[in-house]
Structure formats: structure tokens, C-alpha cells
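What follows is one structure encoded as C-alpha cells, with my remarks underneath.
Counting convention: from 1, in listed order, for ligands and their atoms alike. Here the structure is a predicted model, which means the values were calculated and not measured.
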Amino acid sequence: MKYISTRGKAESLDFEGVTLTGLARDGGLYVPEEIPSFTADEIRAMRGKTYAEVAFEVISPFVGDCLTEGELKRMLDATYDENYGGQFRHPAVAPLVQTGNNDWLLELFHGPTLAFKDFALQLLGRFFDHFTAKRGEKLTILGATSGDTGSAAIEGCRGRDNVSIFMLHPKGRVSDVQRRQMTSVIESNVVNIAIDGNFDDCQALVKACFNDLSFRDEVGLTAVNSINWARVMAQIVYYFTSAVALGAPDRAVSYSVPTGNFGDIFAGYVAKKMGLPIEKLVIATNSNDILARTLETGRYERGEVYSTLSPSMDIQISSNFERMLFDIAGRDAAVITRYMNDLTTTGGFTLDSAHYAALRDLFAAERVNDETTRSVMQEMSASAGYIADPHTAVGVEAANVCLPDNGAPRVTLSTAHPAKFGHAVKEATGIDPTLPAHMADLMDREERMIDLANDVDALQARVREGGWS
Ligand SMILES: *Cc1c(COP(=O)(O)O)cnc(C)c1O
């Protein structure tokens, strides 16, 4: 399997190459040259398989011959099977919970850091380990987090021999639980950096480091944010396990996906292209509504970033949307380059009408404000006794608004454990969700981090210094 850049100017790479590279050198994102697909019979044959087994089916074609079957199987078992050391604390790994006649939650928060990002990052750490050892190289991971990516990436990479990780977060803008999940990992290869700015500033600093090719080569820079293809790939799996459990390929399913960087929902789109009968994909956003506005107006335009109850979605530029555009524009890199240049120079671009129509055919979108998010949490608690986190509540509301209650299952991705956003949950429901046992002492653990200004040179200087001595 080869991977090509959405901007058409970077060399094509194999799976090992894209995993270690992250962002393409032409500023684009890597996508598979061809999306593999399954027949209905092949999908039917996934019934009754374990999560790790379905992961093997779904992921194998993307990996190609970069890993042997045995190597990939062992990594997937070690990640997703408790019997082999997997860290997901639920036998189904990604359990479905029914909340109404046709309504389901897909709980993606049973991993070590209590958000769906563990699904990809627990696996990515193993890929890094394997490929760097094989090459005899070292990697520097640089990422920006609005909260959940950072802790999941740190958990996936902590203590790994050839990897050091520098994680930026916007100072004072992540929850205490989120910050402590990162800063309480006292490991010499883990450096947490609080940036004086918002999440988009952090992301811009990371991009600037990646676009500085000499710096990038000097330190062996690699990305763990959702521009890394391997992350999107790992997230395709739970669309398969959940849809098959609900009757696919013989019954269509729709998904509502709380969306920030468009990574998780793009994985759903890829699952659909692979043959899974997905009827609609709902883009659920909070007040940071660039994607909802794009679906309404056909214009993608940067807006102000608002702080909301669902901070992991407080993002105005959705990086992975570029992958989506590439596909609906017939994989024409010239079109993407034009759109992205307009975005950089004028702050937005207008979709060609055919692209806009294609987008509206695949997706629906709903913007959910904090007030509604609170009332959804309150109502779910009162009527179903279910305590949802605010990101999940945004998804539930969007499913209700955008999807007909017509017998086809409506699945909302439940992206975080309520205790991760305990303050917002308590305010809405009166219930203070408790952290799982393995994290009960989180608030008492020692923290380690440094503060930096929103400045590329300062950041590069710190990264050159390496991990803690
Ligand atoms: C990251 C995150 C999201 C958004 O996912 P994207 O892939 O960036 O769209 C939603 N909810 C939670 C809890 C998250 O951590």
C-alpha cells in the first residue's frame, strides 16, 4: 500500500514511512493511494469476532507488507486484548449501550486516559517502537493538545526507548484532570509545555516546526496529532465492530460524531468507503462551528475560537478536513492546494458547487451550544440514569436533530468518560462522576511541566535540549 500527499508534491511513502513522518513535506496530509474495500460476505464474517480480530481484518490492507501478519497480530493483541496486556478496561473494548429504541452510545472511553484517542495512540506507540528499532533511529514527537490527545499520546509513548515526546497545551485552558493526566507522567522522555496562547496557537507552533525542514530532520520530528494517518486508520475499526453488532452489512447504521479536527468522523467516512453501510455521518460541533457553517453555506471560513464545556472540540481549523476535500475533489491536488492557499492568505475559501453537493450528501451537521449541552446531560441523567460527558452530549443532541427516528440505528460516539469533565457534569446533573480506580489518586500526584511563550524559536531551542536529564 502506497500513500500520497493531498498537495501532490511530496514523495509517496509506504505505511512505515507515513507512520514515522506524519505531515507530508509539501504541507499536505498523507492518504492511501487506494481505499481497500470489503464485500458484504467479508463484513458478515466479522460477526462474533473479538475487537482485536476485527482490527486485524480492517488494518491489514493499510499496513501492506510493512509488518508480517504475526507482527501486526501481536501488536493488536497487546493493544486491544486484556489477556495480552491491553489497557482497555472493558471486555468489548468499545461497548455499545442502548439508550432508546433506535439510539445507542458507542463508549470509547475505557482506555487508559478515558477518551477515544487511546484507541489510536496505544497502537501508534507500538508502531513507533517497532519501526525506530528496526531502523536504528530516534524520534522526537511534537504535538499540540486541547486536552485529550496529549495524555493519550504520552501514555502511548512513555518510557519507549527511541522516542521523546514534547506536548504543548494552551496554558490554563485544559481541565485539571486533563492537565494532570499529562503532567503527572514523570518519565525522562516526556516533556510537557504550557504555551501562553490558545489551542490554535499551539497547533500553529507545531506546524511551523514541521514546515522548518532542516529542524525537522535535525531532531527527527514526528507528529501524533490526527494528521498522522495511522491514527485515523486505528479509528476505522470501531465503526466496523459497532455496525456489525447492530446488523451490518444487512442493516444500515448512522453515526453522530463529536467533531473537532475531523479525524474521528473522517475514519467513519473511510469505513463507509470500505463497504460498511453507513447512511449518514453527523458532524456534531460545539460553538466552534466552522464545519457546521461550511455545510450551511458552502464556505469554509476561519472564525473566533470560543471556550466551551467540550474543550476537546474548541478548534476552528479542522486539519483532517483536507483529506475529505481531497476525496470529494476527485483527488485533485491542484484543487486542494488552491483551497489551502486561499485559507492561508484570506482566511477562507468557497467550495466549488460539485464539492459542496458531495459534502451535503455524505454529512449532516449541528451546532450545539453550552446551554443545550447542559440540558442534554441533565435529561439523560434524569430519564435514562446515564451520565454522559459534555462531548458526548453534543453528539446526542446532533443525532436527535439530524437523524430521523426511522428504525435505522443512530449511534453516537461517546468520546470521553464523564469524570474527565467532572465539573461540567456535576453542574448539569448534580452528580459528581468518580474517576476509575486506576486514576483515583490523580489529584495527589506530582506534576512536571515548563511554561513557554508563543514563540517558535523558544520552542525549537527547548526541543533541541531533549528529554529531562
Ligand atoms: C479529540 C476529541 C474529540 C474530537 O475528535 P476529532 O478527531 O478531533 O474530531 C471529541 N471528543 C473528545 C472527548 C476528544 O478528546
Give the atoms of ligand 1, by number and element, whose distance to some non-hydrogen atom of [X] is under 4.0 Å.
| X | value |
| --- | --- |
| Asp264 | 7 (O) |
| Gly263 | 6 (P), 7 (O), 9 (O) |
| Thr259 | 9 (O) |
| Thr415 | 10 (C), 11 (N), 12 (C), 13 (C) |
| Met313 | 10 (C) |
| Lys117 | 1 (C), 2 (C), 3 (C), 14 (C), 15 (O) |
| Asp148 | 12 (C), 13 (C), 14 (C), 15 (O) |
| Ala416 | 13 (C) |

Can you tell whether the side chains of Arg179 and Asp176 come within less than 4.0 Å, N to carboxylate O? yes
Across all chains, not counting sequence neighbours, the side-chain hydrogen bond (donor to acceptor under 3.5 Å, both in side chains) partners of Ser5 are Asp26
Considering residues at least two apart in sequence or located in another chain, which fulfil the side-chain hydrogen bond (donor to acceptor under 3.5 Å, both in side chains) criterion with Gln122? none
Looking only at heavy atoms of Phe116, does any of them come nearer than 4.0 Å to an atom of ligand 1? yes
Only residue of Phe62, Phe127, Phe15 satisfying ring-ring contact (aromatic ring centres under 6.0 Å, His included) with Trp229 is Phe62
Are any side-chain N or O atoms of Thr346 and backbone N or O atoms of Leu343, one a donor and one an acceptor, separated by less than 3.5 Å? no
Checking the side chain of Thr373 only, and the main-chain atoms of Val394 only, is there a donor and an acceptor separated by less than 3.5 Å? no
Do Thr308 and Asp314 have a side chain donor and acceptor closer than 3.5 Å? yes
